[in-house]
Asker: 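I'd like to ask some things about the structure below.
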Amino acid sequence: MSIEPTCIWDVQALLGEGVLWDARGPWVWFVDIKGKRILRCAPDGSGRRTWPAPGQVSFIVPSADGGMVCSLDDGLYRFLPESGDFVPLAKVEADLEHNRFNDGHVDAQGMLWFGSMHDAEEAASGALYRFDGAHVRTMDDGYVITNGPAVSPDGRTLYHTDTLDKRVYAFDVAPDGALSNKRVFVEIADGGYPDGMAVDAEGHLWVATFGGWRIDRFDAQGRKAGEVRFPCANVTKLAFGGDDLRTVYATTARKGLSPDELAAQPLAGGLFTFRLDVAGLPQHALRLQQ
């Protein structure tokens with residue numbers, strides 16, 4: 001793929017993550033986990049807004065009531081852009097002070113899949129969770145760094161990443177959201193660590209690689225079908241957007257780069273975009289139960 005991503009916001013995020021397309025604006029939302037901030041811009045990178053967060057905010061998703069939901073250190077919160085307030089929604093791992101949350105994804109049923117991780121990236125204390133709008137349920141555990149929940153177009157396969165082991169797993173998803181048949185979908189062996197993910201309309205999985213300078217594309221059998229190279233090493237997450245869902249937005253990070261590496265990668269931590277011939281899947285909204 002001879003595609004050159006363009007940086008539309010040189011935001012210099014320490015750990016840019018959680019990028020998503022919000023057609024209601026339209027806006028592009030993302031977070032800077034280590035910078036403790038939520039960010040939003042127009043599709044071309046203009047109209048920039050930044051909100052400080054009272055903790056490490058790892059993802060943000062739209063809710064069906066027109067609002068936004070994000071994670072903080074001790075669980076899920078409603079985020080109110082007008083005031084910048086964070087309202088508690090569900091406590092999760094409030095007693096695990098050495099953990100934080102990582103990536104999140106809302107499926108077509110309106111359920112939120114998200115993971116936790118050990119903040120120092122040493123202990124296998126992370127888990128995969130599902131939030132149905134009222135209750136949080138543990139779906140899998142034993143991860144140092146969870147990453148990239150994503151769901152196939154037919155809703156029957158969930159992809160989830162064990163970043164340090166460089167493995168992307170696939171699970172069968174039952175109609176009620178139960179998981180089974182965990183299996184290795186792909187192992188990253190050509191540099192970098194698998195990070196955030198997204199699925200396109202053809203059922204191919206796109207995987208950002210932290211330290212790998214690229215986003216990989218895999219077919220439904222786990223065979224590599226292409227890649228998009230970046231001018232910086234740490235690519236963390238991607239989302240399909242635009243009116244035709246063929247514009248990709250991707251976050252990157254400065255975390256872990258030395259001064260010399262940062263000098264050689266001046267756009268590290270920026271928000272990037274590029275166009276594809278294939279469309280992605282629409283962004284779904286979290287259904288909150290009263």
Asker: Do N99 and H118 come close enough that some side-chain heavy atom pair is under 4.5 Å?
Answerer: yes
Asker: Are I215 and L205 connected in the hydrophobic side-chain network, where two residues link if heavy atoms are under 4.5 Å apart?
Answerer: no
Asker: Write down the atom of P43, the atom of P26, and the distance for their closest heavy-atom approach.
Answerer: CD-O, 3.5 Å
Asker: For a 4.5 angstrom cut-off between non-hydrogen side-chain atoms, does P153 reach L281?
Answerer: yes
Asker: Between V173 and L179, is there a side-chain heavy-atom distance shorter than 4.5 Å?
Answerer: yes
Asker: Do V87 and F131 share a hydrophobic cluster, counting only Ile, Leu, Val, Met, Phe, Trp and Tyr and linking them when any side-chain heavy atoms are less than 4.5 Å apart?
Answerer: no
Asker: Applying side chain to side chain contact (heavy atoms under 4.5 Å, CB included), can you list everything that pairs with D165, at least two apart in sequence or on another chain?
Answerer: D162, R167
Asker: Please report the shortest heavy-atom distance between A253 and F210, naming the atom on each side.
Answerer: CB-CE1, 4.0 Å
Asker: Between D22 and R40, is the closest basic N to carboxylate O distance under 4.0 Å?
Answerer: no
Asker: Just checking, K166 and Y193: is the charged tip under 6.0 Å from the six-membered ring centre and within 45° of the axis?
Answerer: yes
Asker: Kindly say whether G191 contributes a backbone atom to a donor-acceptor pair with the side chain of R214 at under 3.5 angstrom?
Answerer: yes
Asker: Over all heavy atoms of both residues, which pair between F240 and L245 is shortest? Give the atoms and the distance, please.
Answerer: CD2-O, 3.4 Å
Asker: Dump the intermediate steps for salt bridge (Lys or Arg N to Asp or Glu O under 4.0 Å) on D172 and R156, then the final yes or no.
Answerer: CA-CA 6 Å; D172 292 341; R156 299 174 62 182; over 6 Å; no
Asker: Check whether the side chains of Q56 and K36 place a donor and an acceptor atom closer than 3.5 Å, and report yes or no.
Answerer: no
Asker: Within the structure provided, determine whether L276 and I3 are in side-chain contact (heavy-atom separation under 4.5 Å).
Answerer: yes
Asker: Are any side-chain N or O atoms of R183 and backbone N or O atoms of N181, one a donor and one an acceptor, separated by less than 3.5 Å?
Answerer: yes
Asker: Counting distance only, does the side-chain N/O of N234 pair as donor-acceptor with the main-chain N or O of K255 below 3.5 Å?
Answerer: yes
Asker: What is the distance from atom OG1 of T252 to atom CG of D195, rounded to the nearest 0.5 Å?
Answerer: 11.0 Å
Asker: Distance-only, no hydrogens or angles: does the T209 side chain make a donor-acceptor pair with backbone N or O of G192 under 3.5 Å?
Answerer: no
Asker: Not counting sequence neighbours, which residues clear ring-ring contact (aromatic ring centres under 6.0 Å, His included) with F185? List them please.
Answerer: Y159
Asker: Do V168 and I145 belong to the same hydrophobic cluster, where Ile, Leu, Val, Met, Phe, Trp and Tyr are linked whenever their side-chain heavy atoms lie under 4.5 Å apart, directly or via other members?
Answerer: no
Asker: Can you list the steps and then say if L257 with Q265 is a side chain to side chain contact (heavy atoms under 4.5 Å, CB included)?
Answerer: CA-CA 9 Å; L257 298 179; Q265 303 172 42; 3.6 Å; yes
Asker: Please find the pair of heavy atoms, one from R78 and one from L288, that lie closest to each other, and give the distance.
Answerer: NH2-CD1, 3.2 Å
Asker: Side chains of residues 8-20: which donor-acceptor partners sit under 3.5 Å, not counting sequence neighbours?
Answerer:
none

Asker: Under 3.5 Å, which donor-acceptor pairs link side chains of residues 100-107 to any protein atom two or more places apart or in another chain?
Answerer:
residue, atom, partner, partner atom, Å
R100, NE, D119, OD1, 3.1
R100, NH1, N102, OD1, 3.3
N102, ND2, T146, O, 2.7
N102, ND2, N147, OD1, 3.4
D103, OD1, K237, NZ, 3.3
D103, OD2, G148, N, 3.3
D103, OD2, K237, NZ, 3.3
D107, OD1, Q109, N, 2.9
D107, OD1, G110, N, 3.1
D107, OD1, M111, N, 2.9
D107, OD2, W113, NE1, 2.9

Asker: How far apart are the C-alpha atoms of C7 and L271, what are their side-chain angles, what is the distance that settles it, and do they pass the side chain to side chain contact (heavy atoms under 4.5 Å, CB included) test?
Answerer: CA-CA 6 Å; C7 182; L271 175 68; 5.9 Å; no
Asker: Same hydrophobic cluster for V151 and Y169, using side-chain heavy-atom links shorter than 4.5 Å among ILVMFWY?
Answerer: yes
Asker: Report, as yes or no, whether the 6.0 Å neighbourhood of atom CZ on R48 holds more than 12 heavy atoms from other residues, nucleotides or ligands.
Answerer: yes
Asker: Quiz question: by atom type and distance under 3.5 Å, do the side chains of T247 and R275 form a donor-acceptor pair?
Answerer: yes
Asker: Quick one: CG on L158 to OG on S180, what's the gap to the nearest 0.5 Å?
Answerer: 11.0 Å
Asker: Judged by modelled atom types alone, do S46 and D44 share a side-chain donor-acceptor pair under 3.5 Å?
Answerer: yes
Asker: Side chains of T273 and T6: any donor to acceptor distance under 3.5 Å?
Answerer: no
Asker: Can you check whether V69's main-chain N or O pairs, donor with acceptor, with S63's side chain at less than 3.5 Å?
Answerer: no
Asker: Between T161 and T163 (side chain of the first, backbone of the second, donor and acceptor by atom type, cut-off under 3.5 Å), is there such a pair?
Answerer: no
Asker: For G66, is there any backbone N or O sitting under 3.5 Å from a side-chain donor or acceptor partner on R24?
Answerer: yes
Asker: How long is the span from the SG atom in C41 to the CZ atom in F30, to the nearest 0.5 Å?
Answerer: 6.0 Å
Asker: Could you tell me which residues satisfy ring-ring contact (aromatic ring centres under 6.0 Å, His included) with H160, sequence neighbours excluded, listed by chain and number?
Answerer: Y143
Asker: Shortest non-hydrogen contact from V57 to A53?
Answerer: CG1-CB, 3.7 Å
Asker: Within the structure provided, determine whether L96 and H98 are in side-chain contact (heavy-atom separation under 4.5 Å).
Answerer: no
Asker: Would a single hydrophobic cluster contain both F171 and M139, if residues Ile, Leu, Val, Met, Phe, Trp and Tyr are joined by side-chain heavy-atom contacts under 4.5 Å?
Answerer: yes
Asker: Quick check for you: to the nearest 0.5 Å, what is the distance between M68 atom CE and W27 atom CH2?
Answerer: 8.5 Å
Asker: Can you run down the ring pair (Phe, Tyr, Trp, His ring centres under 6.0 Å) pairs that involve residues 54-96, sequence neighbours left out, and say none if there aren't any?
Answerer: W51-F79, F59-F114, F79-F86
Asker: Roughly how far, to the nearest 0.5 Å, is CD of E227 from CH2 of W213?
Answerer: 13.5 Å
Asker: Evaluate K224 against D216 for salt bridge (Lys or Arg N to Asp or Glu O under 4.0 Å), listing each step before the verdict.
Answerer: CA-CA 7 Å; K224 189 168 179 175; D216 290 325; 2.8 Å; yes
Asker: Below 4.5 Å, heavy atoms only, C-beta onward: do E93 and Y129 meet side chain to side chain?
Answerer: yes
Asker: Around E202, counting heavy atoms of other residues, nucleotides and ligands shown, do more than 12 lie under 6.0 Å from its CD?
Answerer: yes
Asker: Less than 4.5 Å apart, any side-chain heavy atom of L238 and any of Y249?
Answerer: no
Asker: Please determine whether side chain to side chain contact (heavy atoms under 4.5 Å, CB included) holds for the pair H204 and V199, giving the CA-CA distance in whole Å, both sets of side-chain angles, and the decisive distance to 0.1 Å.
Answerer: CA-CA 6 Å; H204 287 63; V199 178; over 6 Å; no
Asker: I'd like to know if the side chain of R130 reaches the main chain of G177, judged simply by a donor and an acceptor atom lying under 3.5 Å from each other, with no hydrogens or angles considered.
Answerer: yes
Asker: Any chance you could lay out the salt bridge (Lys or Arg N to Asp or Glu O under 4.0 Å) test for R217 and D200, step after step, and finish with the verdict?
Answerer: CA-CA 10 Å; R217 187 191 191 210; D200 66 31; 2.9 Å; yes
Asker: Can you see which heavy atom on F272 is nearest to which on P231, and at what distance?
Answerer: CE2-CG, 3.7 Å
Asker: Does D95 have more than 12 heavy atoms from other residues, nucleotides or ligands lying within 6.0 Å of its CG?
Answerer: yes
Asker: Do V228 and F274 come within less than 4.5 Å of each other through their side chains, counting heavy atoms only?
Answerer: yes
